[in-house]
Amino acid sequence: MTPSDGLHGSSLPTPAEAIALQKELAGRVRLCPLPARVRVVAAADLSYLPSKELIAVVLAFSWPSLELLETAHVRRPVEFPYVPGLLSFRELPAVTAAFEKLRHRPDVLLCDGQGLAHPRRFGLACHVGLVLDLPTVGCAKKRLCGDHDPVGTEKGCRSVLTLQGDPVGYVYRSRTGVKPIYVSPGHKADLESSLDLVERCVRRYRIPEPLRLAHNTVTRLKKNAHSP
DNA sequence: GCGACAG
DNA sequence: ATCTTGTCGC
């Protein structure tokens, strides 16, 4: 899949066209358990520069030890506005570009944003997974849409996130006393295996280690992009 | 019309 | 996401 991902045309899609594209592409997302054999997990994150540019980074880790194996990043101009629900059209190009620089071929990629827990069931993680044809999991710090019962305050508590009556993800308390995170499957993943993977990625902080380190890395790259 | 609204 | 200092708490 490449010509119809909405980002390889001569011009970028308008918000209206992007929405139509999501409705079409959502039908190609596969909901199934993550691979039984995972050896490498990756995480992507990005940061915006004041110059209308952004830096995307992808880190690869061994699984389940989570030792850093490789880092790749790209810097490029931002070409799509931020519109709630259309985040992937803004970040996907940079994420896939950074991913292609990786020498390792991750078994699964963690994305900083929603997957299925999206108005049209096509969040960033779904779009990235479809374009790369790779299992992906969405892990967001805030809710975009959906409803759920209150989540217990203890580490490990979770509530199903539903949209129009359908389960689309989990609201998960990764650490006691902190705000919960939103986990939803991207491509070639499902609710249970996605949450299981994320749970096993949590160490001492609220954000799963791979994404936390990806964030630290991109923040570092940004700092050095100012002084040089 | 009044909120809600990933990064 | 980003612009920003100090401050409260483990």
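Proteins come first, then strands; the chains are lettered A, B, ... in the order of their sequence lines, and each starts at number 1.
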Report task. Could you tell me the separation between the SG atom of A:Cys139 and the CG atom of A:Leu197, rounded to the nearest 0.5 Å? Result -> 9.5 Å
Query raised in the report: Looking only at side-chain N and O atoms, does A:Arg143 come under 4.0 Å of OP1 or OP2 in B:dC5?
Result: yes
Query raised in the report: Is the shortest distance from a Lys or Arg side-chain nitrogen in A:Glu53 or A:Arg75 to a carboxylate oxygen in the other one below 4.0 Å?
Result: yes
Query raised in the report: Salt bridge between A:Arg158 and A:Glu199, side-chain N to carboxylate O under 4.0 Å?
Result: yes
Query raised in the report: Which part of the nucleic acid, if any, lies within contact of A:Leu86, taking any heavy atom under 4.0 Å across all strands shown: a base, the sugar-phosphate backbone alone, or nothing?
Result: base
Query - Phosphate-side-chain proximity, A:Lys222 and C:dA1, N/O vs OP1/OP2 below 4.0 Å - result: no
Requested in this report: Verify whether the ring centers belonging to A:Tyr170 and A:His148 lie closer than 6.0 Å.
Outcome: no
Query raised in the report: Just checking A:Gly138: base, sugar-phosphate only, or nothing, at a heavy-atom cut-off of under 4.0 Å?
Result: nothing
Query - Nearest-angstrom distance from the residue atom NE2 of A:His148 to P of B:dA4 - result: 14 Å
Report summary line: Atom OH of A:Tyr170 and atom P of B:dA6 are separated, to the nearest Å, by 23 Å
Requested in this report: Look at the side-chain N and O atoms of A:Lys141 and state whether any lies under 4.0 Å from the OP1 or OP2 oxygen of B:dA6.
Outcome: no
Query raised in the report: Atom CD of A:Gln114 to atom C1' of B:dA4: distance rounded to whole Å?
Result: 13 Å
Report summary line: Taken to the nearest whole Å, CG/A:Leu144 to P/B:dG3 is 20 Å
Report task. May I ask you to say whether A:Asp45 pairs ionically with A:Arg212, meaning some side-chain N is under 4.0 Å from a carboxylate O? Result -> no
Query raised in the report: OP1 or OP2 of B:dA6 sitting under 4.0 Å from any side-chain N/O of A:Tyr82?
Result: yes
Query raised in the report: For A:Leu211 and B:dG7, what is the distance between atoms CG and C1' respectively, to the nearest whole Å?
Result: 13 Å
Query raised in the report: Can you check the A:Phe89 CZ to B:dA6 P distance for me, whole Å?
Result: 17 Å
Query raised in the report: Tell me: CG of A:Leu87 to P of B:dA4, nearest whole Å?
Result: 21 Å
Query - Whole angstrom value for the distance that separates P of C:dC10 from CZ of A:Arg175 - result: 15 Å
